[in-house]
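These notes are about the structure you will find just below.
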Amino acid sequence: MSAVQDAVHTYTPREFHRQAHDALGNPQIRDNFRRAMDGLMDKRRGVFSDWDLETLRELGANIRLRALAKLPDLLEQLEANCQANGIRVHWASDGDEACRIIGEICQSHDARAVIKGKSMVSEEMHLNAHLEQAGIEALESDLGEYLVQLNEQTPSHIIMPAIHLNTDEISEIMHTRTGTERTRDVDYMTAAARQQLRERFMAADVGVSGVNFAVAETGTLCLVENEGNGRMTTTVPPVHIAVTGIEKVVEQLRDVPPLYALLTRSATGQHVTTYFNMISGPRKPDEHDGPREVHLVLVDNGRSSIYQDDELLDTLRCIRCGACMNHCPVYTRVGGHTYGTTYPGPIGSILMPHMLGLEETKDLPTASSLCGACGEVCPVKIPIPDLLVRLRKESVGQGRGNVPGAGVKRSAKEVAAWKGFEWLATHPAAWRRTTALAGKLQKLLPSSIGPWTDYRSAPKPAKASLHALVKRHRRGEGES
Amino acid sequence: MSSRETILKRLRERSDGPLTAPVSDFAVVTGRGWDAAERVARFERLIGSVHGEVVHTSRASWTDTLAEVLAAKGVMRLALGRQHPVAAEARSALADGGVELVDADRDIEEWQREQFESVDAGLTSTRGGIAETGSLWLWPTPDEPRLISLVPPIHIAVLDADSIEDTFFDVVECHAWAQGMPTNALLISGPSKTADIEQTLAYGVHGPKALVVIVRHTGGVPA
Ligand code: SF4
């Protein structure tokens, strides 16, 4: 049960290379991801086949860009309309402040038990750990998140948190943690989880959810899901707290259908999810269910920095569908945990450097072959490969310095080497002398040059350069 | 400065200067041009593909169909509203049958455990359907609260065939949703499901295991 034991392991982006090495040596992980990603790619292809996908992606990108262009105004409009609907709005500069706000709301209700719908922003700010420190139990209710939490892990995929586990491993986890029978019967395990979580929904003091789209025009919070745990979380407990990044706002209600169509199809290859839940306020006096209090916490956590730069801005168009990871040859082989960050895969590699700084995450932008698959499938046309290149430049100090930790990979030796090369390449006489010399000294050149030669042999300069050979050939000397 | 002011100020004083908002063309999500029969057929095919069950009936005899569905599913206790015509007609038709009718128009605090543990099915009206995705749209009311379409193991939804529209975008536009949203608006497309255990589909993980849509027709009833 490799993945079950894995629970004690903590991952960090600093150790990306070691973690990738370990993951590649684990056939179970590779198998679980390969199978799942192949299935997801097939389903996505099938569901878009009768659509004018390009036009729809164009519209999706355009809607997101329009929202970003008007972002500060839309956030104020969202706040005003939410407040008019009875939703209380809070602003947090970073994850810690957001945790504090949520903690205080919980404490003001003497809450001991929080039930959670899936929210990647809450993962990003480590909300569960924060609440537990305050003596409040936070229980995940999305089945995948629940399993991952039982196994004391973090999600390995933003849409399918438990994708790294197979049926046997899940059966083992449920057996050890909840006392269910060991089985391969998925219906049995699902029914058991339903039973276990129903009690918890009834007992919960507060429900915490994420938001997929926040509509400024009407003050509406939209949640996309298949299981119904999101509806439970936002309806059963007396208090609902929705937490979201500031970039999730859209201008109008009519912007929602195209984004929703792109999201479900890109994420899981579904025409539509089972539930699309639109919340515009707490329970009204004449209504019989729903929370009495609804809060919205708007979290910045690095987003307003990304917003400053024309190129990096594209990162904020993301609707968190996960298609880029499903199609990424690196993600498929090393799995989500290897990245050591809340958001793994291509989106993580272009987003996490802003949240954690390039010192922590310098290897992530290079965790890509730049094959371009992520950019091709992204429903809002984020040029992910270009952004990866930009972050690589930033990390060696060749960008605009707009990313925290820019220049962390800058090495004086490398800079000097390139400077030297630049000089040589622009001075023909010196170039000819040097290449001729290199050809003569062949044997004396190093055979190991850093990681490059871990899997390759070092390049050997030819005895005579192509230039010299052509020259001789023209003079009629032929090859020597 | 509060976090709110700091965030807004940073966004407004953007270093690369203000952005221009593009204009959007929504043509790709509307104008399907399907006729009524095509809409019904698409709706049925799509919701059927995600395990939703569709039963066609006439406007006049729909409560007979309801009784048959209840019998077939072994429903003993049915939660439903009171005022909506769907609820009212169901109540009078089922008045002296074997099915116990459970009032849904009560504060949930009064009957939470009962609803979670001993109701077999919830009956609701719907505002309409969406052909493109096989979806129902519901705006829960005090009469038919949010949870009766979620908590009981079976959800029975009543849909009028002529209220099926082409796309979600069309529904939002034609019914001017932006003019006033209810506390909760829902699209429901099939029973609750999960694929979190190794991509294997399982139904009823948190919500209903089964969704039965009774489609009422005023003209001919499709076979
Ligand atoms: S970057 Fe694009 S493909 Fe990746 S999660 Fe975001 S929207 Fe989806």
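The chains referred to below are lettered A, B, ... by the order of the sequence lines, with proteins before strands, and numbering in each begins at 1. These values consider heavy atoms only, across backbone and side chains, with no hydrogens, waters or symmetry-generated copies. All values reported here derive from a predicted model rather than from experimental measurement.
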message: Run the side chain to side chain donor-acceptor pair (under 3.5 Å) test on B:D107 and A:H288 for me, step by step, so that the C-alpha distance in whole Å, both residues' side-chain angles and the decisive distance to 0.1 Å come before the verdict.
response: CA-CA 4 Å; B:D107 278 353; A:H288 297 300; 2.9 Å; yes

query: What residue among A:N166, A:I170, A:L165 forms side-chain contact (heavy atoms from CB on, under 4.5 Å) with B:I197?
result: A:I170

task: Give, as side chain, backbone, both or neither, the part of B:S149 having an atom under 4.5 angstrom from any heavy atom of chain A.
output: both

- prompt: Salt-bridged, A:E76 to B:R12, with N to O below 4.0 Å?
  reply: yes

task: Check whether any side-chain heavy atom of A:Y275 lies under 4.5 Å from a side-chain heavy atom of B:L150, and answer yes or no.
output: yes

query: For B:L46, is it the side chain, the backbone, both or neither that has a heavy atom under 4.5 Å from a heavy atom of chain A?
result: side chain

statement: To the nearest 0.5 Å, atom CZ of A:F276 lies from atom CD1 of B:I188 at 13.0 Å

Stacked cation flag A:R254 on B:F169, 6.0 angstrom / 45 deg: no

message: Main chain of B:S192, side chain of A:N226: is a donor-acceptor contact present, judged purely on distance under 3.5 Å?
response: no

- line: So, the part of B:P208 with a heavy atom under 4.5 Å from chain A: the answer is both

Audit row: A:R283, B:T183, side chain to side chain donor-acceptor pair (under 3.5 Å) steps and yes/no: CA-CA 7 Å; A:R283 184 196 302 200; B:T183 313; over 6 Å; no

query: Can you check side chain to side chain donor-acceptor pair (under 3.5 Å) on A:E227 and B:T194, steps first, answer last?
result: CA-CA 6 Å; A:E227 295 189 358; B:T194 184; 2.9 Å; yes

query: Using non-hydrogen atoms only, which part of B:V171 is less than 4.5 Å away from chain A: side chain, backbone, both, or neither?
result: neither

- prompt: Does B:Q199 reach the side chain of A:L40, with side-chain heavy atoms less than 4.5 Å apart?
  reply: yes

task: Determine yes or no for a side-chain-to-main-chain donor-acceptor pair under 3.5 angstrom, with A:R231 supplying the side chain and B:R146 the backbone.
output: yes

field: Residues in residues 111-120 of chain B that sit under 4.5 Å from chain A, counting heavy atoms only
entry: B:Q112, B:R113, B:F116, B:E117

query: Would you find a donor on one side and an acceptor on the other, under 3.5 Å apart, between the side chain of A:Q308 and the backbone of B:S15?
result: yes

- request: Measure the spacing between OG of B:S24 and CG of A:N62 and express it to the nearest 0.5 Å.
  value: 3.5 Å

message: Can you tell me which portion of A:Q270 sits under 4.5 Å from chain B's heavy atoms? Options are side chain, backbone, both or neither.
response: side chain

Close approach to chain A in residues 1-10 of chain B, criterion heavy atom under 4.5 Å: B:S3, B:R4, B:I7, B:L8, B:R10

